[in-house]
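Beneath this line is the structure, given in structure tokens, with notes to follow.
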Amino acid sequence: MRPDWDSYFLKIASAVSERSTCDRASVGCVLVLEKRILTTGFNGSPTGQPHCDEVGHLMVDGHCVRTIHAETNAIIQAALHGVSTRGSTCYVTHFPCINCAKALVNAGIVRLVFSVAYRQDPIALDFLKGANVEIDQV
């Protein structure tokens with residue numbers, strides 16, 4: 001059976017997450033505008049830096065800080081390639097952290113669709129709601 005658009009793009013986000021190099025959480029993100037993929041991102045180290053799966057995690061206050069999160073990487077890819085994210089939808093495998101939520105708001109994301117409510121931060125949720133971002137868990 002043909003999947004609906006949300007399921008389709010979440011499956012792509014899941015496939016993107018397979019490129020993740022941090023085994024604590026493999027996260028994938030797809031930014032979409034008018035049913036067209038703008039960019040993708042997964043959590044991994046900055047370009048040219050060692051990855052968690054190579055050298056281990058860099059833990060600070062219970063969080064691995066070696067990696068850039070998937071949502072941020074998708075926004076960075078858009079910036080690198082001159083692609084506007086204004087008005088787009090973010091499909092991501094896991095609910096965004098507070099920093100990614102703020103980045104999504106400032107990138108002009110109008111809708112967030114996610115699968116896993118991993119460490120769903122109420123402050124991140126408040127930032128998204130305060131910016132009138134539509135939020136759907138699928």
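Keep in mind that the numbers below use all heavy atoms, side chains included, and drop hydrogens, waters and symmetry copies.
- Annotation: I123, atom CD1; neighbour count of heavy atoms from other residues, nucleotides and ligands within 6.0 Å does not exceed 12.
- To the nearest 0.5 Å, atoms OG (S88) and CZ (R111) are separated by 11.5 Å.
- Annotation: side chain of R36 is not in contact with side chain of V32 (no heavy-atom distance under 4.5 Å).
- Here the closest heavy-atom approach between residue A74 and residue C29 is recorded as CB-SG, 3.9 Å.
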side-chain contact (heavy atoms from CB on, under 4.5 Å) between N73 and I76, intermediate numbers included
CA-CA 5 Å; N73 265 330; I76 290 168; 4.2 Å; yes

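- Atom-to-atom distance recorded for L38:CG and S84:OG is 8.0 Å, nearest 0.5 angstrom.
- When each of L128, L104, T89, V110 is checked for a side-chain contact (heavy atoms from CB on, under 4.5 Å) with V133, only L128 meets the rule.
- Cluster membership check: L58 does not share its hydrophobic cluster with V55, using side-chain heavy-atom separations under 4.5 Å among Ile, Leu, Val, Met, Phe, Trp and Tyr.
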Evaluate side-chain contact (heavy atoms from CB on, under 4.5 Å) for N106 paired with K102, printing each intermediate quantity in order.
CA-CA 6 Å; N106 274 7; K102 292 185 288 185; over 6 Å; no

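- Distance check, rounded to the nearest 0.5 Å: SG of C64 to NE2 of H57 gives 6.0 Å.
- Among the candidates V138, V92, L10, the single residue satisfying the side-chain contact (heavy atoms from CB on, under 4.5 Å) test with F114 is V92.
- A78 approaches T85 most closely through the heavy-atom pair CB-CG2, 3.5 Å.
- Scanning both residues, C100 and H69, for their nearest heavy atoms gives SG-CB, 3.3 Å.
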Show your reasoning for whether side-chain contact (heavy atoms from CB on, under 4.5 Å) applies to Q120 and H94.
CA-CA 9 Å; Q120 190 167 340; H94 296 62; over 6 Å; no

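- Ring-plane geometry between W5 and Y8 is classed as perpendicular, the angle between the planes exceeding 60 degrees on a 0 to 90 degree scale with a lower cut at 30.
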Give the C-alpha distance, both sets of side-chain angles, the deciding distance and a yes or no for salt bridge (Lys or Arg N to Asp or Glu O under 4.0 Å) between K11 and D6.
CA-CA 9 Å; K11 285 179 184 178; D6 286 348; over 6 Å; no

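- For the atom pair I37 CD1 and I12 CD1, the distance stands at 4.0 Å (nearest 0.5 Å).
- Both V105 and I75 belong to a common hydrophobic cluster when Ile, Leu, Val, Met, Phe, Trp and Tyr are linked at side-chain heavy-atom distances under 4.5 angstrom.
- The side-chain heavy atoms of N99 and T72, taken from C-beta on, include no pair separated by under 4.5 Å.
- Cluster annotation: I135 is connected to I109 through the hydrophobic network of ILVMFWY side chains, with a link wherever side-chain heavy atoms come within less than 4.5 Å.
- Taking CZ from R66 and CD1 from I68, the interatomic distance works out to 12.5 Å, rounded to the nearest 0.5 Å.
- At most 12 non-hydrogen atoms from other residues, nucleotides or ligands lie less than 6.0 angstrom from CZ of R19.
- The salt bridge (Lys or Arg N to Asp or Glu O under 4.0 Å) contacts involving residues 112-132 comprise nothing, where partners must be two or more places apart or lie in separate chains.
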Pairs under 3.5 angstrom only: tabulate donor-acceptor contacts from the side chains of residues 43-54 to other protein residues two or more places apart or in another chain.
| residue | atom | partner | partner atom | Å |
| --- | --- | --- | --- | --- |
| N43 | OD1 | S20 | OG | 2.7 |
| N43 | OD1 | V27 | N | 2.9 |
| N43 | ND2 | A25 | O | 2.6 |
| S45 | OG | P50 | O | 2.7 |
| H51 | ND1 | T21 | OG1 | 2.8 |
| H51 | ND1 | S45 | N | 3.4 |
| E54 | OE1 | H51 | N | 3.0 |

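- Within the model, atoms OG of S7 and OH of Y91 stand 9.0 Å from one another, a figure rounded to the nearest 0.5 Å.
- In this structure a side-chain-to-backbone donor-acceptor pair under 3.5 Å is present from T93 to G28.
- Of all heavy-atom pairs spanning L112 and P96, the tightest one is CD2-CD, 3.7 Å.
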